[in-house]
Amino acid sequence: MSVRTRFAPSPTGYLHIGGARTALFNYLFARHHNGQYLLRIEDTDKQRSTPEAVRQILESLDWLGLGPDEPPVFQSAREARHAEVARELLARGRAYLAFDTPEELAAMREQAMKEGRPPRYDGRWRDRDPAEAPPGRTPAIRLKAPRPEDGRGEIVVKDLVQGEVRVAHAELDDLIILRSDGTPTYLHAVVVDDHDMAITHVIRGDDHLTNTFRQCMIYDAMGWHRPHFAHIPLIHGADGAKLSKRHGAVGALEFREQGFLPEAVCNYLLRLGWGHGDEEIVPRDRAIALFDLKDVGRAASRMDYAKLTHLNGVYLRQADDDRLAEEVLERLAKHGIDFGTIGGDRVRALMPELKARAKTLEELAGTAAFAAIEGPPPMDAKSAALLTPEAKARLADLAQFLTDAPWERLELERWLRDYAEVKGLKLGAVAQPLRVALTGSTQSPPIDAVLAALGRTEAVDRILAAAEE
RNA sequence: GUCCCCAUCGUCUAGAGGCCUAGGACACCAGCCUUUCACGUUGGUAACACGGGUUCGAAUCCCGUUGGGGACGCCA
């Protein structure tokens, strides 16, 4: 039977980076086994689910290159089926009608907590005749949890990541599978959908580990085969607490905004909890070839933005120049920086040098701005301070001589070295004032590359402007 | 409170009883390279939570302690 996995987010907000990793692992596992990777939107909570969240989840997955192999399944569209299974369980005597009110249940929980007992449903309607129900109450359907004679049974799950995990039947209570309003509960809907979608491997966050035992009860009651389960550890913030906004970016699309490349984010997420020897750079194809659930760690890991940033730099340097140029120009436009066709060409021309010096697209856009615009670049204080009277005189001199210089990068470099030698100067004494004049910054790509990319007219204009300031 | 899971440098990890004087990566520090910055490169600081077993031998197996996390809804 071919492997089928699914990612099942609930559309109550943006796609969390932890969810993105769950999706990635589901994707990689399916691809590794030549199986299918599906998406199910768990929108049975009508109060909190929004179409906007659905849209954002799809966009996030698309950006990460984790789009599903089949159209997404919307859980809300399958409520009739969920109810049908619940009624079947009822008909088979594996479930029963429970007429409790929410208030009664709350009181029951409170009482149990007060007495130091675990808050579980006591099964008061399990063997009671529905005829005894108080008038006007609509019942929920509860599943009958196993109650072995000796009271010592247990449910065993052989989790592909966590290993063998067991929970005593005594820990389980009769869970609601169909609410009194006829809608399914999450635990029930998940089981029915995973079964109907022929999911073979359920890979999800380990916050679902204890839910698994409740779900197993439903599989068993229906006589369905349980899928394999793999519960992967959660991602925490740098302080070890649950990852939240105060830790920094957590939404997948926030990473895009901040200038991270999707392939870098995926690589980072993969290495968080999964490893293959000392390999750090694991592109998609390699990840598919290597991925195995047995190599997934069992401990929660912490989000490290510094390492993500480093990885992003690695991927940035490998990325295609035109792609990066497009991204950068888009960002410049968004920041209200004016540039024309020529500016775009200059950014493209300088991209090989630019990308070696940036770790994110946002940073790249910042360092590319001087090349995109027309005229003298804005100058920071540190750069302006470099424009001493001597430096300005030097620039004026350079502007004059550059008029006749050969305009090609390697030739320019030689020309600059000759110039410095003739004038008895260190190359740095020539390059730094030039850099400041041309880029408005003390840091930039090699000055010969900058000159070549700007073109003679623009370069000389900027040098003259700085000399006359 | 009850149940479940987890535990190697600050962080991510390698490690399946001897290959471990514990390896790699990020971050940090110092040097080299150099027209600035970055890249690259060389070196450095830095960890098996603790206590008991098992064994000739334990980071690796077992038990306990401590610490962290998760779950206990007519939420998902």
Side-chain angles (χ1 to χ4, degrees), chain A residues 8-12 42-45 47-49 75 98 100-102 105-106 109 112-121 138-142 159 161-163 165-168 170-173 175-181 183-187 189-190 205-214 231 233-234 236 238 240-242 268 271-281 297-311 313-314 317 353-359 367 413 416-417 420 426-432 434-436 439 441-448:
Chain A
S10 60
T12 53
E42 311 229 310
D43 55 350
T44 50
D45 185 339
Q47 304 302 315
R48 298 194 298 151
S49 299
Q75 193 158 60
D100 313 275
T101 63
L105 295 174
R109 265 192 297 277
M113 287 292 231
K114 210 161 69 186
E115 291 171 19
R117 289 181 290 113
R120 295 193 198 98
Y121 182 64
T138 42
I141 298 181
R142 279 187 189 263
D159 193 278
V161 169
Q162 303 293 338
V165 185
R166 41 188 75 220
V167 161
E171 300 295 329
L172 275 2
D173 63 358
L175 67 263
I176 290 176
I177 53 178
L178 203 69
R179 298 186 188 102
S180 52
D181 66 0
T183 60
T185 57
Y186 162 76
L187 253 14
V190 165
D206 73 6
D207 49 337
H208 287 286
L209 186 55
T210 49
N211 283 334
T212 305
F213 297 93
R214 298 170 207 292
H231 288 92
L234 269 17
H236 292 155
K242 200 166 181 169
Y268 176 73
R271 287 289 291 115
L272 219 49
W274 175 90
H276 186 266
D278 289 338
E279 283 195 50
E280 296 288 346
I281 307 301
R298 292 187 285 178
S301 45
R302 303 183 184 203
M303 186 71 201
D304 183 351
Y305 295 92
K307 187 152 184 176
L308 201 213
T309 303
H310 169 262
L311 257 181
V314 172
R317 270 172 260 141
E353 291 295 345
L354 251 13
K355 72 179 181 183
R357 293 169 169 72
K359 296 220 162 81
T367 59
E413 191 202 346
L416 281 169
R417 286 186 189 283
K426 280 195 180 171
L427 193 48
V430 179
Q432 272 317 75
L434 262 182
R435 191 182 312 282
V436 165
T439 72
S441 166
T442 53
Q443 304 166 11
S444 84
I447 206 63
D448 46 276

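Throughout, a chain's letter reflects where its sequence line sits, starting with A, and its residues are numbered from 1.
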inquiry  = Work out how far the P atom of rC6(B) is from that of rG44(B), and round it to whole angstrom.
reply    = 36 Å
note = Tightest non-hydrogen contact, residues Gly273(A) and Ser301(A), listed as N-OG, 4.4 Å
request  = Decide yes or no, distance alone: a donor-acceptor N/O pair under 3.5 angstrom between the base of rC74(B) and the side-chain of Ser180(A).
outcome  = yes
ask   = Contact class for Asp43(A) vs. all strands (heavy atom < 4.0 Å): base, sugar-phosphate, or nothing?
value = nothing
request  = Give the rounded distance in Å between these two atoms: NE2 of His310(A) and C1' of rG10(B).
outcome  = 17 Å
message = Please give the distance between the C1' atoms of rC5(B) and rC56(B) as a whole number of Å.
response = 35 Å
task = Identify whether any heavy atom of Arg417(A) sits under 4.0 Å from a base atom; if not, whether one sits that close to sugar-phosphate; answer base, sugar-phosphate or nothing.
result = base
ask   = With a non-hydrogen cut-off below 4.0 angstrom, is Gly273(A) in contact with a base, only sugar-phosphate, or nothing?
value = sugar-phosphate
ask   = Would a distance-only check, ignoring hydrogens and angles, find a side-chain to backbone donor-acceptor pair under 3.5 Å from Asp45(A) to Arg48(A)?
value = yes
remark   = Ala299(A) has its side chain closest, among rC75(B), rC26(B), rC6(B), to rC6(B)
ask   = Think Arg142(A) has a side-chain N or O under 4.0 angstrom from the OP1 or OP2 of rC74(B)?
value = yes
request  = Could you work out which one of rU36(B), rA76(B), rA71(B) sits closest to the side chain of Arg214(A)?
outcome  = rA71(B)
message = So does Ile176(A) get a backbone contact from the side chain of Thr185(A), meaning a donor-acceptor N/O pair under 3.5 Å?
response = yes
query = Heavy atoms under 4.0 Å, any strand shown: does Arg435(A) hit a base, just sugar-phosphate, or nothing?
reply = base
inquiry  = So, does Lys359(A) get its side chain near the phosphate of rC39(B), meaning an N or O under 4.0 Å from OP1 or OP2?
reply    = yes
task = Return the value, rounded to whole Å, for the distance between atom CG of Leu187(A) and atom C1' of rG73(B).
result = 11 Å
ask   = In the structure shown, which nucleotide is the Watson-Crick or G-U wobble counterpart of rC75(B), with both distances under 3.5 Å?
value = none
query = Between the base of rC75(B) and the side chain of Arg48(A), is there a donor-acceptor distance below 3.5 Å?
reply = yes
query = Which listed nucleotide (rG1(B), rC4(B), rU13(B)) is nearest to the side chain of Val165(A)?
reply = rC4(B)
request  = Please evaluate the base of rC6(B) for a donor-acceptor partner in the side chain of Arg298(A) within a cut-off of under 3.5 Å?
outcome  = no
Nucleotide opposite rU36(B) in a Watson-Crick or G-U pair, distances under 3.5 Å = none
ask   = In whole Å, what separates the C1' atom of rC26(B) from that of rA47(B)?
value = 15 Å
task = Spell out yes or no: do the side chain of Asp278(A) and the base of rG23(B) have one donor N/O and one acceptor N/O closer than 3.5 Å?
result = yes
note = Mate of rA47(B) across any strand shown (Watson-Crick or G-U wobble, both atom pairs under 3.5 Å) is none
inquiry  = With a 3.5 Å limit on both atom pairs, tell me what rG67(B) is paired to, counting Watson-Crick and G-U wobble, or say none.
reply    = rC6(B)
query = Checking all strands, does Ser301(A) fall into the base, sugar-phosphate, or nothing category for heavy-atom contacts under 4.0 angstrom?
reply = sugar-phosphate
task = Please state the C1' separation for the pair rC9(B) and rA22(B) - nearest whole angstrom.
result = 10 Å
query = Is the backbone N or O of Trp274(A) less than 3.5 Å from a side-chain atom of Arg271(A), with the two atoms forming a donor-acceptor pair by type?
reply = yes
remark   = In short, Pro11(A) meets Asp43(A) closest at the heavy-atom pair CG-CB, 3.7 Å
key: Between P of rG73(B) and CZ of Arg120(A), the distance in whole Å   = 10 Å
note = Of the listed rC6(B), rU13(B), rA76(B), the closest approach to the His208(A) side chain comes from rA76(B)
query = What closest approach, in Å, do Arg179(A) and Pro184(A) show between heavy atoms, and which atom pair accounts for it?
reply = NH1-O, 3.0 Å
key: Residue Lys307(A), side-chain atoms from C-beta onward, closest of rC6(B), rG24(B), rC37(B)   = rG24(B)
query = Between Leu234(A) (CG) and rA7(B) (P), how many Å, whole number?
reply = 15 Å
task = Could you tell me whether Leu311(A) contacts a base, only the sugar-phosphate backbone, or nothing, with contacts defined as non-hydrogen atoms closer than 4.0 Å?
result = nothing
query = Roughly how far apart, to the nearest Å, are rU13(B) and rU54(B) at atom C1'?
reply = 29 Å
key: Nearest listed nucleotide, side chain of Gln162(A), among rC74(B), rC5(B), rC26(B)   = rC5(B)
inquiry  = Check this for me, if you would: do Glu280(A) and Lys307(A) make a salt bridge, where the nitrogen-to-carboxylate-oxygen distance has to be below 4.0 angstrom?
reply    = yes
key: Closest listed nucleotide, where the reference is the side chain of His236(A) and the choices are rG69(B), rA76(B), rA25(B)   = rG69(B)
query = Considering heavy-atom distances to RNA chain B, does Leu308(A) or Pro102(A) have its closest nucleotide positioned more toward the 5' end?
reply = Leu308(A)
inquiry  = Does Ile447(A) reach a base, just sugar-phosphate, or nothing at all? Heavy atoms under 4.0 Å.
reply    = base
ask   = Hey, is the main chain of Thr44(A) close enough, under 3.5 Å, to the side chain of Tyr186(A) for a donor-acceptor pair?
value = no
task = Would you name the heavy atoms of Val430(A) and Ala420(A) that are closest together and state the gap between them?
result = CG2-CB, 3.9 Å
query = Under 4.0 angstrom, heavy atoms only, what part of the nucleic acid is Glu280(A) near: base, sugar-phosphate, or nothing?
reply = base
inquiry  = Heavy atoms from C-beta onward define the side chain here; which of rU36(B), rA76(B), rG10(B) lies closest to that of Ser10(A)?
reply    = rA76(B)
inquiry  = Measuring to OP1 and OP2 of rC75(B), would you say a side-chain N or O of Arg179(A) lies under 4.0 angstrom away?
reply    = yes
ask   = Is the phosphate of rC3(B), meaning OP1 or OP2, less than 4.0 Å from a side-chain N or O of Thr210(A)?
value = no
task = Among the candidates rC72(B), rA76(B), rC37(B), find the nucleotide nearest to the side-chain atoms of Thr185(A).
result = rA76(B)
query = Which value, in whole Å, describes the distance between the C1' atoms of nucleotides rG52(B) and rG70(B)?
reply = 29 Å
request  = Tell me what Asn211(A) touches on the nucleic acid: a base, only sugar-phosphate, or nothing, going by heavy atoms under 4.0 Å.
outcome  = base
ask   = Using atom P of each nucleotide, how far apart are rC12(B) and rG69(B) to the nearest Å?
value = 14 Å
ask   = Can a side chain N or O of Arg166(A) be found less than 4.0 Å away from OP1 or OP2 on rC5(B)?
value = no
request  = Give one of base, sugar-phosphate or nothing for Pro445(A), where a contact means two heavy atoms less than 4.0 Å apart.
outcome  = base
key: Counter-base of rG18(B), judged by Watson-Crick or G-U geometry with both distances under 3.5 Å   = rC56(B)
request  = Answer with base, sugar-phosphate or nothing: what part of the nucleic acid does Leu272(A) contact at a heavy-atom distance below 4.0 Å?
outcome  = sugar-phosphate
query = Rounding to the closest angstrom, what is the interatomic distance between rU65(B) and rU2(B) at atom P?
reply = 13 Å
message = Taking atom types as they are modelled, would you say the side chain of Glu279(A) forms a donor-acceptor pair with the base of rG24(B) within the 3.5 Å cutoff?
response = no
inquiry  = What's Ser49(A) touching, base or sugar-phosphate or nothing? Going by heavy atoms closer than 4.0 Å.
reply    = nothing
request  = Rounded off to whole Å, could you give me the CD-to-C1' distance for the Gln443(A) and rC37(B) pair?
outcome  = 5 Å
query = Is a side-chain donor or acceptor of Thr439(A) paired with a backbone partner of Ser441(A) at a separation under 3.5 angstrom?
reply = yes
task = For the side chain of Pro446(A), starting at C-beta, report the closest nucleotide among rC3(B), rA25(B), rU36(B).
result = rU36(B)
message = Need the pair for rA25(B). Rule: Watson-Crick or G-U wobble, both distances under 3.5 Å, any strand; none if unpaired.
response = rU11(B)
